[in-house]
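All remarks here apply to the structure that follows.
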Amino acid sequence: MLEKIKNALFRFMNGRYGTDALNNFLLFASLAVLLVNTLTFKSVFLGLLGDVLIFASLFRTLSRNLWKRQKENIKFMELTRPVRSAFSLIKKNASDKEHKYFSCPHCHQTVRVPRGHGKIEITCPRCKTTFERKS
């Protein structure tokens with residue numbers, strides 16, 4: 001019985017886009033909006049906004065227009081790259097106690113240097129730009 005349901009779900013999703021980073025963002029944003037609306041504001045507008053975000057996420061997941069959904073996700077990833085890079089540097093600096101990570105001001109390459117050497121001059125391996133930072 002469980003195998004039949006599983007196969008039916010596979011057949012239904014065959015040729016559909018599925019989920020990606022933009023879908024995850026839409027889903028979590030809708031849940032956040034609905035939670036805030038339920039706990040504090042109880043606004044019709046916020047409730048409607050949460051519903052629209054959930055609908056957009058479901059629409060993208062079940063869409064058969066793969067090319068268009070991929071283009072939307074690529075655009076979303078390009079727009080969120082600075083934020084994701086900043087969080088990546090914070091995570092690396094918090095987890096690695098022997099090295100410090102910096103972003104090159106010119107090309108944004110991540111550069112790793114040893115901790116505890118004071119103010120040092122760093123040369124980017126990609127673009128050869130030099131910049132000073134405290135390690």
Atom NZ of Lys42 with >12 non-hydrogen neighbours under 6.0 angstrom: yes
Side chain Ser88, main chain Arg84, donor-acceptor under 3.5 Å: no
For Leu35, the rest of its hydrophobic cluster, which grows through side-chain links under 4.5 angstrom: Leu39
From Ile74 atom CD1 to Glu72 atom CD, the distance as rounded to the nearest 0.5 Å: 10.5 Å
Glu98 CD: over 12 foreign heavy atoms closer than 6.0 Å: no
Atom NE2 of His99: over 12 foreign heavy atoms under 6.0 Å: yes
Flag side-chain contact, heavy atom, 4.5 Å: Arg60 against Tyr17: yes
Nearest heavy atoms of Ser103 and Leu89, plus distance in Å: CB-CD1, 3.6 Å
Phe41 with Leu49, same ILVMFWY side-chain cluster at under 4.5 Å: yes
For Asn65, side chain to side chain donor-acceptor pair (under 3.5 Å) partners two or more places apart: none
Under 3.5 Å donor-acceptor, Asn93 side chain and Lys100 backbone: no
Asn37 side chain to Leu46 backbone, donor-acceptor under 3.5 Å: no
Gap between atom CZ of Phe28 and atom OG of Ser57 - 0.5 Å precision: 10.0 Å
Joint hydrophobic cluster, Leu48 plus Phe59, side-chain heavy atoms closer than 4.5 Å: no
Beyond-backbone contact of Ile120 with Val113, side-chain heavy atoms, under 4.5 angstrom: yes
Geometric class of the Phe131/Phe102 ring pair [parallel <30°, tilted 30-60°, perpendicular >60°]: perpendicular
Check: Gly118 main-chain N/O paired with Ser135 side-chain donor or acceptor under 3.5 Å: yes
Considering all heavy atoms, the nearest Lys128-Pro125 contact: NZ-O, 3.1 Å
Over all atoms of both residues, closest heavy-atom pair of Asn23 and Gly18: ND2-O, 3.0 Å
Lys/Arg N to Asp/Glu carboxylate O, Arg115 vs Asp96, below 4.0 Å: no
